[in-house]
Amino acid sequence: NRVLYKAKCEQTDEFYLASFDSVTGALRSYTDGRAGKNRSYQSEVNEHSSEAEFLAYAKKMVSQYASVEGCEVEIKTELYEFSEKWGYNSDKTVDGYVNNAENVPDFYAVYTFTFYKTIDGVRRYDTNQIEINNTGEVISASLYMQDDAYEDFADMTIDMAQAERLIYRAVPGGEIVHALLVATTDGVLWLHFMVYW
């Protein structure tokens with residue numbers, strides 16, 4: 001159960017959201033609707049920082065509220081283009097860290113760091129995720145890793161071949177593009193697939 005707090009400025013439409021675990025009080029999610037508007041904002045990282053520096057910063061920010069111990073990380077970069085009429089608009093999202101500030105004077109990007117764990121090589125469903133723009137502002141965070149829900153399954157072996165056969169039988173010609181682990185309340189481990197065909 002979560003408690004959600006929301007604040008919004010009626011004149012500018014800028015908003016803040018924060019949710020907390022109703023039992024422990026731990027921060028679960030955060031969003032800053034103003035982030036990215038002030039291009040002169042500076043923090044420990046900026047548009048000239050390296051991938052390693054941004055990753056260290058992301059870990060530092062998340063670790064204040066949730067553990068990233070033993071996690072793998074996925075990085076995505078959302079690139080924005082500037083238009084005199086519309087301001088900054090999302091152009092595309094790419095895998096990995098992209099920084100082109102040296103060549104593009106108004107370069108603007110948002111980096112998404114997703115910290116996750118796996119069981120027998122298959123990614124768990126829960127993650128800790130943070131979005132940071134290239135001036136170092138935290139745009140949003142979602143802190144939902146639940147290690148206790150997976151304790152009983154840490155050493156489980158997963159038969160992906162069998163799982164794929166079941167999927168192909170259910171969806172002929174399908175291509176599995178992503179597989180996530182989901183633990184259910186009855187103690188059974190299920191695989192959740194996203195399938196395209």
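On a predicted model such as this, the values are computed, not experimentally measured, just so you know.
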Shortest non-hydrogen contact from [X] toward [Y]:
X: V45; Y: E53; value: CG1-O, 3.6 Å
X: E47; Y: A101; value: O-CB, 3.4 Å
X: E51; Y: I75; value: OE2-CD1, 3.5 Å
X: V3; Y: S22; value: CG2-CB, 3.9 Å
X: G136; Y: S43; value: CA-OG, 3.3 Å
X: I119; Y: M156; value: CG2-O, 3.9 Å

If we count only N and O atoms by modelled type, under 3.5 Å, do the side chains of [X] and [Y] hold a donor and an acceptor together?
X: R28; Y: Y65; value: no
X: S140; Y: E131; value: yes
X: S29; Y: S19; value: yes

Is atom CD of Q64 surrounded by more than 12 heavy atoms (other residues, nucleotides or ligands) closer than 6.0 Å? yes
Atom CG of residue position D155 - does it have more than 12 heavy atoms of other residues, nucleotides or ligands inside 6.0 Å? no
Would [X] end up clustered with [Y] when hydrophobic side chains under 4.5 Å apart are linked, directly or stepwise?
X: L143; Y: Y125; answer: no
X: L17; Y: I130; answer: no
X: F115; Y: V122; answer: no
X: M145; Y: F20; answer: no
X: L27; Y: F15; answer: no

Donor-acceptor contact below 3.5 Å, side chain N128 vs main chain T114: no
4.5 Å side-chain heavy-atom contact, [X] and [Y]:
X: K117; Y: D147; result: yes
X: L79; Y: V98; result: yes
X: E137; Y: I132; result: no

Go through it in stages, so that I can follow the logic: the residues are D120 and T157, the test is side chain to side chain contact (heavy atoms under 4.5 Å, CB included), and I'd like the CA-CA distance, side-chain angles, deciding distance and then a yes or no. CA-CA 6 Å; D120 196 26; T157 299; 3.7 Å; yes
Candidate pair Y116 and Q129, rule side chain to side chain contact (heavy atoms under 4.5 Å, CB included), full reasoning: CA-CA 9 Å; Y116 65 94; Q129 186 177 82; over 6 Å; no
Ring pair (Phe, Tyr, Trp, His ring centres under 6.0 Å) with Y80: which residues, sequence neighbours excluded? Y108
Hey, what's the ring geometry for F54 with F113, parallel, tilted or perpendicular (30° and 60° as the breaks)? parallel
Spacing of I139 atom CD1 and E78 atom CD [to the nearest 0.5 Å]: 8.0 Å
For T118 and E72, run side chain to side chain contact (heavy atoms under 4.5 Å, CB included): C-alpha distance rounded to whole Å, both residues' side-chain angles, the deciding distance at 0.1 Å, then the answer. CA-CA 8 Å; T118 61; E72 298 178 55; 3.5 Å; yes
Looking at D21 and R2, is any side-chain nitrogen of the basic one under 4.0 Å from a carboxylate oxygen of the acidic one? no
Has R124 got its NZ or CZ under 6.0 Å from the middle of the six-membered ring of Y150, at an angle within 45 degrees of the ring axis? yes
